[in-house]
Asker: 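Following this message is one structure expressed as structure tokens.
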Amino acid sequence: MPVLTPAAAWAVLLVAGICEVGWAIGLKYTEGFTRLAPSAWTLAAMAISVILLGWSLKTLPVGTAYAVWTGIGAVGTALLGMALFNESREIARLVSIGLIVAGIVGLKLVTK
């Protein structure tokens, strides 16, 4: 894979983070990897997520990229957990998710 421009690396990292959300939510549907189709989709999302993270690392600093990747995964998974599985929407939880988003934005702003 070619080296990416910084803007392209950030875009690839965003897609990698979205794929991380997909596999994290997918785990719920695999029922311990006993269901074939959800298991296959989850494993594919895992592989795509890690491959795209690795590609973005050709351009972005590893600490920043990894923190942003996991942050996107954490925020997206928490929000989808609320939407799909009726998980808690307590204000403290929402504020905490907001702090993760602030950290992601902060890392993006200070990284070239």
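Heavy atoms only: backbone and side chains are in, while hydrogens, waters and symmetry mates are out. For reference, positions follow the sequence shown, starting with 1.
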Asker: With sequence neighbours left out, which residue pairs that include part of residues 88-112 fulfil the ring pair (Phe, Tyr, Trp, His ring centres under 6.0 Å) condition?
Answerer: none
Asker: Which ring pair (Phe, Tyr, Trp, His ring centres under 6.0 Å) pairs, counting each pair once, include a residue from residues 87-112, with sequence neighbours left out?
Answerer: none
Asker: Please list, one pair per line, the donor and acceptor atoms closer than 3.5 Å that link side chains of residues 92-110 to other protein atoms, with sequence neighbours excluded.
Answerer:
from, atom 1, to, atom 2, distance (Å)
R93, NH1, S88, O, 2.8
R93, NH2, E87, OE1, 3.4
S96, OG, A92, O, 2.8

Asker: Under the ring pair (Phe, Tyr, Trp, His ring centres under 6.0 Å) rule, what pairs show up with a residue in residues 91-112, not counting sequence neighbours?
Answerer: none
Asker: If hydrophobic clusters are built from ILVMFWY residues whose side chains come within less than 4.5 Å, do L14 and V12 share one?
Answerer: no
Asker: Can I get a per-line list of side-chain donor-acceptor pairs under 3.5 Å for residues 32-41, giving both atom names and the distance, sequence neighbours left out?
Answerer:
from, atom 1, to, atom 2, distance (Å)
T34, OG1, E31, O, 2.6
R35, NH1, Y29, O, 2.9
S39, OG, R35, O, 2.5

Asker: Could you pull out all donor-acceptor pairs under 3.5 Å where a side-chain atom in residues 17-27 meets a protein atom, sequence neighbours excluded?
Answerer:
none

Asker: Side-chain donor-acceptor pairs under 3.5 Å in residues 54-63, sequence neighbours left out?
Answerer:
from, atom 1, to, atom 2, distance (Å)
W55, NE1, P2, O, 2.6
S56, OG, L53, O, 2.8
K58, NZ, M1, O, 2.3
T59, OG1, L4, N, 3.4
T59, OG1, L4, O, 2.7

Asker: Can you list, pair by pair, the side-chain donor-acceptor contacts under 3.5 Å of residues 65-79, counting residues two or more places apart and other chains?
Answerer:
from, atom 1, to, atom 2, distance (Å)
W69, NE1, A16, O, 3.4
W69, NE1, S49, OG, 2.9
T70, OG1, Y66, O, 3.1
T70, OG1, A67, O, 3.1
T77, OG1, G73, O, 2.6

Asker: Quick check: do M46 and T42 have side-chain heavy atoms less than 4.5 Å from each other?
Answerer: yes
